[in-house]
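Read through the structure below, which is laid out as structure tokens, and then see the notes.
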Amino acid sequence: MGRDHIDKLLCYYQNVLNELYIIDTIVKMTSDSCMEREFSGQYYGTTGKYSAQLSAERNSYINMLSVLSEKVAILIDLNISAEDELLLQKHSNNCSRKITAESTANKSS
């Protein structure tokens, strides 16, 4: 894999990572908003059965958002691992080129 190709892939990984952080922020903000409304007892004038239904619905959304946040965190970790592997590949390519260049220079002396 060439250096230009690795650099291009690293750029893509960085863009993906930025988007994942944005998604995670949106998920957390939405979850926090649901929790805030639930904890403050905002039921929009409903009473009894309807308040309980609204509460159950919010809790379901909060749970789904928590699962989504966990999945986004996994994707972030996987992305970082893949990026690290590419960086290792890039650095090993640079080292092998340097050794080859030094070896060639020594032979011509």
Less than 4.5 Å apart, side chain to side chain, heavy atoms only: is that true for Asp7 and Lys90? yes
Leu88/Glu85 under side chain to side chain contact (heavy atoms under 4.5 Å, CB included): CA gap, chis, key distance, verdict: CA-CA 5 Å; Leu88 285 173; Glu85 287 297 320; 4.2 Å; yes
Quick check: is Tyr21 connected to Tyr12 through a chain of hydrophobic side chains (ILVMFWY, heavy atoms under 4.5 Å apart)? no
Inter-residue atom distance Tyr61.OH - Ser33.OG, 0.5 Å rounding: 13.0 Å
To the nearest 0.5 Å, what is the distance between CD1 on Ile6 and CD on Glu83? 12.5 Å
Leu9 side chain reached by His5 side chain, heavy atoms, under 4.5 Å: yes
Here the gap from Glu36 atom CD to Ser31 atom OG, rounded to the nearest 0.5 Å, amounts to 11.5 Å
Gap between atom NZ of Lys8 and atom SG of Cys11 - 0.5 Å precision: 9.5 Å
How would you list, by chain and number, every residue that makes a salt bridge (Lys or Arg N to Asp or Glu O under 4.0 Å) with Glu38, sequence neighbours excluded? Arg58
Determine the sole option in Thr25, Leu20, Ile26 for which the side chain to side chain contact (heavy atoms under 4.5 Å, CB included) test with Ile22 is passed. Ile26
Side-chain donor-acceptor pairs under 3.5 Å in residues 63-79, sequence neighbours left out?
{"from": "Asn63", "atom 1": "ND2", "to": "Asn59", "atom 2": "O", "distance (Å)": "3.2"}
{"from": "Ser66", "atom 1": "OG", "to": "Ile62", "atom 2": "O", "distance (Å)": "3.0"}
{"from": "Ser69", "atom 1": "OG", "to": "Asp24", "atom 2": "OD1", "distance (Å)": "3.0"}
{"from": "Asn79", "atom 1": "ND2", "to": "Tyr13", "atom 2": "O", "distance (Å)": "3.1"}

